[in-house]
Amino acid sequence: MQRMTRRGVEWLSAAADDPAMCREMWADDPRMPCMLPSGRFFDVVTIEQRLGLETFDQLLRRGLPFGPAMVDHKARRVGFFLSSASQESFTQNLERETPTPPPYRYLSRNSVVVVPGPMPMPGDRYQWLRAPSRRPEANPLRPVALATMLVAAAELLARADRYGEQYTSPYAAVAALPEETTTHAG
């Protein structure tokens with residue numbers, strides 16, 4: 001769980017209809033989530049939590065460019081922030097990766113997203129996986145990286161699920177191994 005920096009608060013609150021009121025609310029209660037319009041300063045791609053956490057892990061492990069990311073524990077969804085107007089790039093790259101992309105929601109103009117407060121606590125419904133630390137620099141590789149790792153994570157989880165269905169226990173996996181043949185030199 002991460003916390004926003006002062007510059008992150010300034011950037012994110014600027015997206016609010018009343019930025020000063022948003023900052024004031026967060027000053028009074030830094031745990032308070034806030035509903036912000038998407039499409040002005042950022043877009044958000046949301047996916048189910050298990051896939052979202054694996055996608056987040058793959059982006060992080062590979063050192064790929066990505067911006068803020070959050071989790072909504074009650075809705076069991078993870079949201080990845082992209083620059084506004086990234087939808088076309090994200091969609092094109094997703095379609096390039098697979099003809100059957102995993103389910104996702106793309107929040108842009110005429111949508112809202114509930115974001116965690118600057119300092120969520122363990123057990124809060126909304127938490128930052130990667131909190132905004134400043135206004136994210138525009139990077140055309142972010143939608144590409146997110147689309148690519150979303151598909152890769154979905155494939156990885158599908159394979160793991162198939163393995164779990166095929167081998168219901170460690171013994172079942174070992175029993176399926178071919179018997180080793182040994183020869184002794186005499």
Side-chain angles (χ1 to χ4, degrees), residues 1-53 55-56 59-60 64-95 101-121 123-151 153:
M1 178 181 53
Q2 291 195 339
R3 296 174 180 197
M4 274 193 267
T5 64
R6 178 181 298 266
R7 291 189 318 173
V9 168
E10 291 295 320
W11 169 73
L12 198 56
S13 64
D17 291 332
D18 186 343
M21 189 169 95
C22 180
R23 285 190 295 275
E24 185 178 308
M25 178 189 70
W26 279 341
D28 290 342
D29 184 357
R31 292 177 62 186
M32 180 67 71
C34 185
M35 189 174 351
L36 298 175
S38 54
R40 239 186 293 177
F41 284 40
F42 56 81
D43 291 350
V44 179
V45 175
T46 71
I47 52 184
E48 68 86 20
Q49 186 171 336
R50 180 173 176 237
L51 178 56
L53 293 176
T55 302
F56 176 81
L59 288 163
L60 199 60
L64 295 174
F66 70 103
M70 62 180 205
V71 62
D72 176 343
H73 292 289
K74 185 174 181 184
R76 301 192 53 76
R77 297 199 63 83
V78 172
F80 293 92
F81 286 64
L82 292 173
S83 299
S84 58
S86 294
Q87 186 168 10
E88 185 177 336
S89 174
F90 175 77
T91 304
Q92 285 176 349
N93 285 288
L94 199 58
E95 290 170 352
Y104 69 93
R105 293 183 198 135
Y106 195 98
L107 306 175
S108 189
R109 293 244 179 243
N110 301 319
S111 296
V112 294
V113 63
V114 177
V115 301
M119 296 190 321
M121 300 296 287
D124 284 353
R125 174 179 177 170
Y126 303 98
Q127 294 182 341
W128 291 109
L129 296 173
R130 178 183 236 178
S133 58
R134 63 186 175 346
R135 179 188 178 107
E137 296 175 18
N139 185 334
L141 296 178
R142 282 195 181 123
V144 176
L146 180 58
T148 303
M149 286 301 103
L150 174 57
V151 171

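This chain uses plain numbering: 1 for the first residue, then up along the sequence.
Rounding to the nearest 0.5 Å gives a distance of 5.0 Å between CZ of Arg105 and OG1 of Thr46. Between the CE atom of Met119 and the CE atom of Met32 there is a distance of 13.0 Å, given to the nearest 0.5 Å. To the nearest 0.5 Å, the span separating CZ on Arg23 from CG on Asp18 amounts to 8.5 Å. Between Leu59 atom CG and Met149 atom CE the span is 7.0 Å, to the nearest 0.5 Å. Atoms CG and CG, from Leu53 and Leu60 in turn, are 12.0 Å apart once rounded to the nearest 0.5 Å. Of the inter-residue distances, the one linking Thr55 atom OG1 with Arg50 atom CZ reads 11.0 Å to the nearest 0.5 angstrom.
Counting non-hydrogen atoms of neighbouring residues, nucleotides and ligands closer than 6.0 angstrom, the CG atom of Asn110 reaches no more than 12 such neighbours.
The shortest distance between side-chain heavy atoms of Phe81 and Val115 falls below 4.5 Å.
Taking all atoms of both residues into account, the shortest heavy-atom contact from Ser89 to Val144 is OG-CG2, 4.4 Å. Across every non-hydrogen atom of Pro102 and Leu150, the tightest pair is CG-CG, 3.8 Å. The minimum heavy-atom distance linking Asp43 with Ser83 is given by the pair OD2-O, 3.8 Å. Between Ala15 and Leu36, the closest heavy-atom pair is C-CD2, 4.4 Å. Gly52 approaches Phe80 most closely through the heavy-atom pair O-CZ, 3.5 Å. Nearest heavy-atom pair, Ala131 versus Gln2, reported as atom, atom and distance to 0.1 Å: N-OE1, 2.7 Å.
Looking at residues two or more places apart in sequence or on another chain, you find no ring-ring contact (aromatic ring centres under 6.0 Å, His included) involving Tyr126. Annotation: salt bridge (charged side-chain N to carboxylate O under 4.0 Å, His left out) contacts of Arg7 (sequence neighbours excluded): none.
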Test side chain to side chain contact (heavy atoms under 4.5 Å, CB included) on Met21 and Met25; report intermediate values, then the result. CA-CA 6 Å; Met21 189 169 95; Met25 178 189 70; 5.7 Å; no
Decide yes or no on side chain to side chain contact (heavy atoms under 4.5 Å, CB included) for Arg142 and Ser86, but give the supporting numbers first. CA-CA 9 Å; Arg142 282 195 181 123; Ser86 294; over 6 Å; no
Take Arg130 and Met70, measure what side chain to side chain contact (heavy atoms under 4.5 Å, CB included) needs, and give me the verdict at the end. CA-CA 7 Å; Arg130 178 183 236 178; Met70 62 180 205; over 6 Å; no
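Distance alone, capped at 3.5 Å, is enough to place a donor-acceptor pair between the Asp124 side chain and the Met121 backbone. When atom types are taken as modelled, the side chain of Gln127 and the backbone of Asp72 share no donor-acceptor pair closer than 3.5 angstrom. Between the side chain of Trp128 and the backbone N or O of Pro118, no donor-acceptor pair lies under 3.5 Å. Under the 3.5 Å distance criterion, the side-chain polar atoms of Ser84 are left unmatched by any main-chain donor or acceptor of Phe42.
The aromatic rings of Phe56 and Phe66 sit perpendicular to each other, their planes meeting at more than 60°, with 30° as the lower class boundary.
A cation-pi arrangement is present between Arg135 and Phe41, with the terminal nitrogen or guanidinium carbon under 6.0 Å from the aromatic centre and inside a 45° cone about the axis.
For an aromatic pair to be called close, the ring centres must be under 6.0 Å apart, and Phe90 with Tyr104 satisfies this.
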